[in-house]
There are 2 protein chains.
Amino acid sequence: MPHTYEHPRPALTVDAVVFGFDPAAAGGLRLLLIRRGQAPFKGGWALPGGFVRIGETLDEAVRRELSEEAGVDEAWLEQFHAFGALKRDPRERVVSVAYFALVRPGEVRGGTDADDARWFTEPEVAAAKLAFDHAEIVARARESLRERVRRRPAGFELLPEKFTLTEMQRLYEAVLGRTLDKRNFRKKALSFGLLIPLDERRRHGAHRPAQLFRFDRRKYAQLAKRGIDFEV
Amino acid sequence: MPHTYEHPRPALTVDAVVFGFDPAAAGGLRLLLIRRGQAPFKGGWALPGGFVRIGETLDEAVRRELSEEAGVDEAWLEQFHAFGALKRDPRERVVSVAYFALVRPGEVRGGTDADDARWFTEPEVAAAKLAFDHAEIVARARESLRERVRRRPAGFELLPEKFTLTEMQRLYEAVLGRTLDKRNFRKKALSFGLLIPLDERRRHGAHRPAQLFRFDRRKYAQLAKRGIDFEV
DNA sequence: TCAAAAGTGTTCTTGATACACCCATGC
DNA sequence: GCATGGGTGTATCAAGAACACTTTTGA
């Protein structure tokens, strides 16, 4: 079949729900949103994303958009759903393939505290009235992330290279939306044998300093290959 | 932004991996494939699917294609992944949103034993050398179905309205790819309280006749709303 | 010496697994 | 009466949930 335009075609975009986690600031996951420069929804907040070019894969398109629009060059990406409602973009018919992205907030290039790209807490997101159907996309991304995290240790893409077990627990609590028992969590977290204790401790304030760990990527890759389950 | 063609756009299709299960014929799930009438891959076997029209959602597009190409008017559909590799279609750039579909083989309109649409067993699929990247799509669909079935009782879309516990067990064994213990399976299957025993029994051959059940959709909808887990 | 976060074990309950025999039927 | 698939119960083990106090530090 030749490349014809006998029928008009839906346009194809990608959108990214960028999650970040700051272990210092309590209070859950944060979301990276960008301010729209044009109508529709001019001045409103939206997910980074844009049209898929003819010479790039979906993954490449998201990475490019994340870099261009949000200053994010390193991210763990996972596609979770395609959104195809008829009127989701008032201008024309657009189908969007949505990804969630996990980034360490520190790794975002400048501009993210600027006027056109900013981290939002969950209540801020709720108050922000996102453009298009982006609120729905975010809701679904949260759900996918939750399911994802129950099956494999995904959260390490959100934690700094060195982290404490308390930080890790806070992250899991934020993703799962409920508190976890400290002792049970530590037992389980260590039981996988994927956390390497470091010779360092983190001290901040007048407390007992916490043991630092890093994630054993090598060992995880081996286990994942054999299809191990990581229910948390 | 007006409807411009300043950049060429990837085309958008949907494809469906149609699973069927015949409780009588032992031997796992079957897949509905259609024979291609044109190049490329003319005469080869492929998934039902096609271009998304400008005035229909993704779900509507799959349903239309399933009806037109495969004679399937009733199916449980679930979107599982979008495939966007550059050369997946040799003619032009095509991104495809893939669904898996669960149907009762009996509910397929004629023509499915005809020349251009047929049920394939798993080994037949493996031998058939599917068109495009459809083998990859099928592999991923199997995986998604397996994960899906572990979380909620999805299989009832594959079983006849009235079924025996042995049939249900066969289905789960086919989906999960391993044998299950009969007593443990029955215990668990009944423990959810979603199976309604009927006053009928099925007799076939010189055996004790089996109790028939039907699925309690109403009750399931209530439980699902409250977010109950259905790990099998 | 006090405040604040880090760290640690045990009991109980629940669900998963393993396993072997009798039952009802048609031929 | 026998072959065939239908149907049932219990004991063991592993994992999850609940739960409270001591330790280390800096101020």
Side-chain angles (χ1 to χ4, degrees), chain A residues 22-27 149-153 159-160 162-173 176-214 228-232, chain B residues 22-27 149-153 159-160 162-174 176-214 223 228-232:
Chain A
D22 181 351
V149 142
R150 282 183 51 159
R151 302 217 153 266
R152 33 202 82 184
L159 288 169
K162 303 169 180 181
F163 53 87
T164 69
L165 286 179
T166 302
E167 289 169 346
M168 185 176 161
Q169 182 177 346
R170 287 233 187 81
L171 169 60
Y172 272 81
E173 289 177 335
L176 298 176
R178 61 194 165 95
T179 60
L180 300 170
D181 179 84
K182 184 161 53 152
R183 281 164 293 188
N184 293 337
F185 180 82
R186 295 165 99 91
K187 225 182 306 170
K188 184 125 192 191
L190 293 170
S191 74
F192 293 121
L194 293 171
L195 299 183
I196 303 174
L198 303 174
D199 279 340
E200 297 171 70
R201 290 154 185 282
R202 169 171 305 159
R203 53 195 68 224
H204 69 109
H207 326 300
R208 175 173 180 174
Q211 174 71 249
L212 283 168
F213 293 86
R214 66 181 182 81
I228 307 289
D229 251 17
F230 296 94
E231 298 261 350
V232 176
Chain B
D22 181 351
V149 143
R150 280 183 53 161
R151 302 217 154 265
R152 34 202 81 182
L159 288 169
K162 302 168 180 180
F163 53 87
T164 69
L165 286 178
T166 302
E167 288 170 348
M168 184 176 162
Q169 183 177 345
R170 288 233 186 81
L171 169 60
Y172 271 81
E173 289 177 335
L176 298 176
R178 62 192 165 97
T179 60
L180 301 170
D181 179 84
K182 185 164 50 154
R183 281 163 295 186
N184 294 338
F185 179 82
R186 295 166 99 90
K187 222 183 306 170
K188 185 126 193 191
L190 293 171
S191 74
F192 293 121
L194 293 171
L195 299 183
I196 302 174
L198 303 174
D199 279 340
E200 297 171 68
R201 289 152 184 282
R202 170 172 305 159
R203 50 195 71 224
H204 71 109
H207 326 301
R208 175 175 178 174
Q211 174 70 251
L212 283 168
F213 293 85
R214 67 181 181 80
L223 289 176
I228 307 289
D229 251 16
F230 297 94
E231 298 261 348
V232 176

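- Scored by the salt bridge (Lys or Arg N to Asp or Glu O under 4.0 Å) test, A/E173 finds no partners at all (sequence neighbours excluded).
- Closest heavy-atom contact between A/R183 and A/D181: N-OD2, 3.1 Å.
- Straight-line distance from the CZ atom of A/R202 to the P atom of D/dT25: 17 Å, rounded to whole Å.
- Looking only at distances, a side-chain donor or acceptor of B/Q169 sits under 3.5 Å from a matching main-chain atom of B/L180.
- With sequence neighbours left out, B/R202 forms a salt bridge (Lys or Arg N to Asp or Glu O under 4.0 Å) with B/E167.
- Dashed line: the shortest gap from a side-chain N or O of B/K188 to OP1 or OP2 of C/dA16 is under 4.0 Å.
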Letter by letter from the 5' end, nucleotides 2-9 of chain C scores (B base, S sugar-phosphate only, - none; protein heavy atoms under 4.0 Å) -BBSBBBB
With side chain to side chain contact (heavy atoms under 4.5 Å, CB included) as the criterion, how do A/L195 and A/F163 come out once you've worked through the C-alpha distance, each side chain's angles and the decisive distance to 0.1 Å? CA-CA 10 Å; A/L195 299 183; A/F163 53 87; 3.9 Å; yes
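- The distance from atom CZ of A/R178 to atom C1' of D/dG16 is 11 Å, rounded to the nearest whole Å.
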